[in-house]
Amino acid sequence: MNNPIGWGLIGASNVARQWIVDAIRAQPDSQILNVLSSSEERGARFATENGIPAYTTDIDAILTDGNVDAVYISTANQFHCSQTLAAASAGKNILCEKPVALSIDDARKMIAACHDAGVVLAVNHHLRCNAMHQKLRQLLQAGEIGRLNAVRVFHANFLPQALQGWRINDPNGGGLILDSTIHDIDTLRFLIGSNPTHVMAMTQSGRLAHDGVEDGIMVIMRFPGDVLVQIHGSYTVPFSEGGVEFYGSNGVLIGRDCMSQRAAGRLFMRNADGEKEIPVHHHNLYHYALAAFSNAVRGTGQPAATGEDGLAALAIALAIRESALTGRQVEVEIP
Ligand code: NDP
């Protein structure tokens with residue numbers, strides 16, 4: 001382990017540019033050494049624009065560099081598995097974007113490879129790093145609204161033009177479920193503290209996406225304790241606000257504007273005493289995730305979301321997709 005932690009970026013992506021380069025540099029002792037792109041021109045531009053000293057089109061240039069301790073994989077979804085396996089066998093710690101993989105078999109291989117290599121595998125499910133969700137979880141665990149009865153998640157927005165590439169036209173790696181609904185799933189697992197047992201879903205397509213790729217969804221899930229959960233997700237709804245509502249036997253917890261990448265969200269509790277706002281001290285979600293990952297790499301903590309969290313979220317997302325395709329309720333099996 002080098003000090004500072006040396007990073008290689010695998011993927012000259014939008015999310016790296018917008019959030020992760022800054023989040024790595026916000027850590028007291030981390031530096032970005034190299035960026036991989038399949039395009040020499042894109043890699044060069046990414047390196048220049050982000051002040052990264054090197055770029056490469058050959059993953060081995062990163063994986064054989066002894067100064068690189070960790071890699072951030074943010075390529076298109078179908079590359080996450082092969083690049084994680086290569087990085088693990090080179091002894092690099094891995095922060096991988098979600099979905100961790102496209103199949104359960106691949107995700108299991110990734111977890112096993114990282115375990116065998118003794119490296120950290122984290123999956124960047126950022127919403128659990130939102131301070132409002134963390135506060136909401138504390139209140140639920142403290143029993144502030146009594147027995148949980150039902151939950152509603154609102155995660156509909158209009159996909160910005162800049163993101164309308166593979167998300168809306170790749171039937172393998174694209175689509176709302178593995179891009180966005182999987183975040184809702186991870187957030188629900190984090191907040192409720194368990195996995196759903198059954199899911200049902202209906203999807204829309206064709207408003208923005210094509211080739212059968214879904215761009216809208218309604219999901220119903222049953223969690224242990226007979227808790228019913230509903231999700232509405234969409235790429236095609238402008239002017240909507242993301243939120244969550246938790247309905248308990250003694251009260252309701254309402255999170256508003258809390259399903260984005262920003263350090264945002266307001267939390268309200270409503271019960272027999274009326275409605276009050278619960279103060280939330282926000283922090284940058286990605287800084288939080290990178291701090292947790294860095295501690296895990298140093299052996300002093302755990303990632304915010306592990307490879308196992310990524311696998312569970314993927315398994316649930318695939319069950320939702322199966323339900324949407326077959327029109328049937330699907331029992332969820334977490335491998
Ligand atoms: P991008 O489309 O920006 O990047 C994905 C890949 O597309 C890049 O690795 C790049 O390949 C290639 N690419 C980028 N720009 C171009 C271009 N102009 N022409 C052709 N190819 C291009 O994707 P995102 O940043 O939106 O997503 C990357 C990953 O991160 C996905 O797995 C996604 O699910 C995840 N994500 C996670 C978020 C989170 O908050 N956790 C938020 C957004 C995305 P190359 O590297 O070869 O240059």
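On a predicted model such as this, the values are computed, not experimentally measured, just so you know. Order of listing sets the numbers, starting from 1, for every ligand and every atom in it.
For the residue pair D22 / H287, a side-chain donor-acceptor distance below 3.5 Å is found, with atom types taken as modelled. No side-chain donor from either of S39 and S37 sits under 3.5 Å from a side-chain acceptor of the other. Defined by atom type and a distance below 3.5 Å, a donor-acceptor pair is present between the side-chain atoms of Y247 and R152.
Among the atoms of G11, none of the N or O lies under 3.5 angstrom from an N or O of ligand 1. Not a single N or O atom of L163, backbone or side chain, sits closer than 3.5 Å to an N or O atom of ligand 1.
At least one donor-acceptor pair under 3.5 Å links the side chain of S323 to the backbone N or O of R328.
Atoms of ligand 1 found under 4.0 Å from any heavy atom of N124, numbered from 1 in the order shown, are 41 (N). Numbered from 1 in the order shown, with element, the atoms of ligand 1 that lie under 4.0 Å from a heavy atom of Q261 read 40 (O), 42 (C). Atoms of ligand 1 lying under 4.0 Å from any heavy atom of S37, numbered from 1 in the order shown and given with element: 45 (P), 46 (O), 47 (O), 48 (O). Shown in contact with H80 at under 4.0 Å from a heavy atom are these atoms of ligand 1, numbered in order with element: 32 (O). The N77 neighbourhood of ligand 1 comprises atoms 31 (C), 32 (O), 33 (C), 34 (O), with distances under 4.0 Å to a heavy atom of that residue. Those atoms of ligand 1 that come under 4.0 Å of a heavy atom in Y286, given as number and element, are 39 (C), 40 (O). Residue L36 approaches ligand 1 through these ligand atoms, each under 4.0 Å from one of its heavy atoms: 46 (O). Near S38, the atoms of ligand 1 lying under 4.0 angstrom from a non-hydrogen atom of the residue are 45 (P), 47 (O), 48 (O).
A salt bridge links D309 and R189; the closest N-O separation between the charged side-chain nitrogens and carboxylate oxygens is under 4.0 Å. A salt bridge does not link R207 to D215: none of the charged nitrogens lies less than 4.0 Å from a carboxylate oxygen. K109 and D105 are not joined by a salt bridge, as no carboxylate oxygen comes within less than 4.0 angstrom of a charged side-chain nitrogen.
Looking only at heavy atoms of the protein, atom 3 (O) of ligand 1 is closest to N14 N, 2.8 Å. Atom 25 (O) of ligand 1 has its closest protein heavy atom at V15 N, 2.8 Å. The single protein non-hydrogen atom nearest to atom 37 (C) of ligand 1 is E97 OE1, 2.9 Å, given as residue, atom name and distance. Considering only non-hydrogen protein atoms, atom 23 (O) of ligand 1 sits nearest to W166 NE1, 3.5 Å. Closest protein heavy atom to atom 44 (C) of ligand 1: R167 NH2, 3.3 Å. Of the protein's non-hydrogen atoms, S13 CB, 3.4 Å is the one closest to atom 4 (O) of ligand 1. Ranking the protein heavy atoms by distance from atom 12 (C) of ligand 1 puts R42 NH2, 4.0 Å first. The protein heavy-atom contact nearest to atom 46 (O) of ligand 1 is A12 N, 2.8 Å.
Placement of V227 and F246 within a single hydrophobic cluster is found when ILVMFWY residues are connected by side-chain heavy-atom separations under 4.5 Å, directly or transitively.
The shell of residues lying under 4.0 angstrom from ligand 1, judged by heavy atoms, excludes H125. Contact between S74 and ligand 1 is present, with at least one heavy atom of the residue lying under 4.0 Å from the ligand. Remark: distances from the non-hydrogen atoms of F46 to ligand 1 are all 4.0 Å or more. The shortest heavy-atom distance from R17 to ligand 1 is not under 4.0 Å.
Y235 places a side-chain heavy atom less than 4.5 Å from the side chain of I168.
Aromatic ring centroids of H155 and H232 lie 6.0 Å or more apart.
For atom 40 (O) of ligand 1, the protein comes within 4.0 Å by at least one heavy atom.
In this structure, CD1 in I316 is found 10.0 Å from OG1 in T197, a value given to the nearest 0.5 Å.
Few gaps surround CZ on F190; more than 12 heavy atoms of other groups in view lie less than 6.0 Å from it.
Among residues at least two apart or in separate chains, ring pair (Phe, Tyr, Trp, His ring centres under 6.0 Å) pairs with a member in residues 10-42 are W19-Y286.
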Between R266 and D257, is the salt bridge (charged side-chain N to carboxylate O under 4.0 Å, His left out) condition met? List the steps. CA-CA 7 Å; R266 294 177 68 190; D257 189 24; over 6 Å; no

